[in-house]
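Computed over heavy atoms, backbone and side chain alike; hydrogens, waters and symmetry mates excluded. Proteins come first, then strands; the chains are lettered A, B, ... in the order of their sequence lines, and each starts at number 1.
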Amino acid sequence: MASMEAGVTPAKSRREPEGRPSARDKYSVLLPTYNERENLPLIVWLLVKCFSESGFNYEIIIIDDGSPDGTRDVAEQLEKIYGSDKILLRPREKKLGLGTAYIHGMKHATGNYIIIMDADLSHHPKFIPEFIRKQKESNFDIVSGTRYKGNGGVYGWDLKRKIISRGANFVTQILLRPGASDLTGSFRLYKKEVLQKLIEKCVSKGYVFQMEMIIRARQLNYTIGEVPISFVDRVYGESKLGGNEIVSFLKGLLTLFATT
Amino acid sequence: MTKLAQWLWALALLGSAWAALTVGALGLELPSPCREVLWPLPAYLLVAAGCYALGTVGYRVATFHDCEDAALELQNQIQEARADLARRGLRF
């Protein structure tokens, strides 16, 4: 990998035009939300700022699963402020899970690239231009954010959480040898047709869903690039790691271990 | 082949090689110091693997980046975003 990049560097002038925003490329950001009234305007503001500074063509698709806290009302206001060509609302009646949210969002996506991220501000849009640059570098099918490499990291985690995270990651790497360092993260860029194919193949839910996406990608010989990201744990609202998550993570890990 | 099958194959292969050598099934008469090392070898390997796992995870926990700057930057941007959105007429 390093040697490959070194080989490309001298031809920088030739590569540069690719790095510039291309008129054809469009990036659709999928934001599945549930009770994110506080965070949604902030993440949208950051996204708009990031995209208008970097000049890439974009749209933001908000898929709200019938949040009782009025997320949808805030989303409608944002649509008025930023325009319905940039902010697309595609709500659903009730909570139906992440995989189907992506399918639902993708049906309405007009971009040829899809970016998925959490709407709770733990993923910062400032990394998106890096994802795009990385993708162009080797025409990767997927670019995944990683907390475990380079300058990547976390904020707001206590020792216990760090141990669980590192331990789970270690076991996963040993058992599945996935070829990517962060399997449970959900800040990624996909080519649209690649994401479509992967979602068709994936059966699991929650954390395991993100993991399965990478494992299936390996099976289908898709290429994966990685960008170190900082993960800032939920500023508003509650974080979601409990005993139940750990059990379902282990179940999912073993299922993938036995079936792929 | 699934990852599980790969593991089982590798374990079966190593396990049978070890068993064959320790019980002398191949008709090889190993010198006794060799046999003394060979007999508890799986236990040694298990302990070594455990130490490696603990060491690696421990090191990675200790060197897990704390992104204080990122958190601070985000807090500032949140203030900025709130002010700007309020100016554009958003009712929070």
Proximity breakdown for A/L256 and chain B, heavy-atom pairs closer than 4.5 Å: neither

Less than 4.5 Å apart, side chain to side chain, heavy atoms only: is that true for B/R88 and A/Y82? yes

Side chain from CB out, backbone as N, CA, C, O: work out which of these in B/A5 comes under 4.5 Å of a heavy atom of chain A, or both, or neither. neither

Give a yes or no on this: more than 12 heavy atoms of other residues, nucleotides or ligands lie within 6.0 Å of atom CZ of A/F257. yes

Between A/I163, A/L254, A/I81, A/V154, which shows the greatest number of heavy-atom pairs under 4.5 Å with chain B? A/V154

To the nearest 0.5 angstrom, please state how far the CG atom of B/L4 sits from the OG1 atom of A/T260. 10.0 Å

List the atom of A/V232, the atom of B/A70, and the distance in Å for their closest heavy-atom pair. CG2-CB, 4.0 Å

In Å and rounded to the nearest 0.5 Å, what is the SG to CD1 distance from B/C67 to A/I229? 9.0 Å

Flag the one option from A/N151, A/V44, A/L40 with the top tally of heavy-atom pairs under 4.5 Å to chain B. A/N151

Rounded to the nearest 0.5 Å, the CG atom of B/D84 sits from the CH2 atom of A/W45 at a distance of 6.0 Å

State, to 0.1 Å, how close B/L85 and A/L42 come at their nearest heavy-atom pair, and which atoms those are. CD1-N, 4.4 Å

Counting only heavy atoms not in A/R147, do more than 12 fall under 6.0 Å of its CZ? yes

Which pair of non-hydrogen atoms, one from B/L74 and one from A/L46, has the smallest distance, and what is that distance? CD1-CD1, 3.9 Å

So NZ of B/K3 and CD1 of A/I174: to nearest 0.5 Å the spacing works out to 13.0 Å

Please check if any side-chain donor atom of B/Q77 sits under 3.5 Å from a side-chain acceptor atom of A/H124, or the reverse. yes

Below 4.5 Å from any heavy atom of chain A, which atoms of B/Q6 appear? Answer side chain, backbone, both or neither. side chain

At a 4.5 Å cut-off on heavy atoms, which part of B/E73 comes close to chain A: side chain, backbone, both, or neither? side chain

When rounded to the nearest 0.5 Å, the distance separating NE2 of B/H65 from NZ of A/K162 is 10.5 Å

Less than 6.0 angstrom from the centroid, inside 45 degrees of the normal: does A/R166 satisfy that with respect to the ring of B/F64? yes

How about NZ on A/K126, more than 12 heavy atoms from neighbouring residues, nucleotides or ligands closer than 6.0 Å, or not? yes

When the 4.5 angstrom heavy-atom criterion is applied to A/T259 and chain B, the contacting part is backbone

Inspect the surroundings of CG in B/D66 and state if more than 12 heavy atoms from other residues, nucleotides or ligands are less than 6.0 Å away. yes

At their closest point, which heavy atom of B/T2 faces which heavy atom of A/A258, and how far apart are they? CG2-O, 3.4 Å

Where does A/K80 contact chain B at under 4.5 Å (heavy atoms): side chain, backbone, both or neither? neither

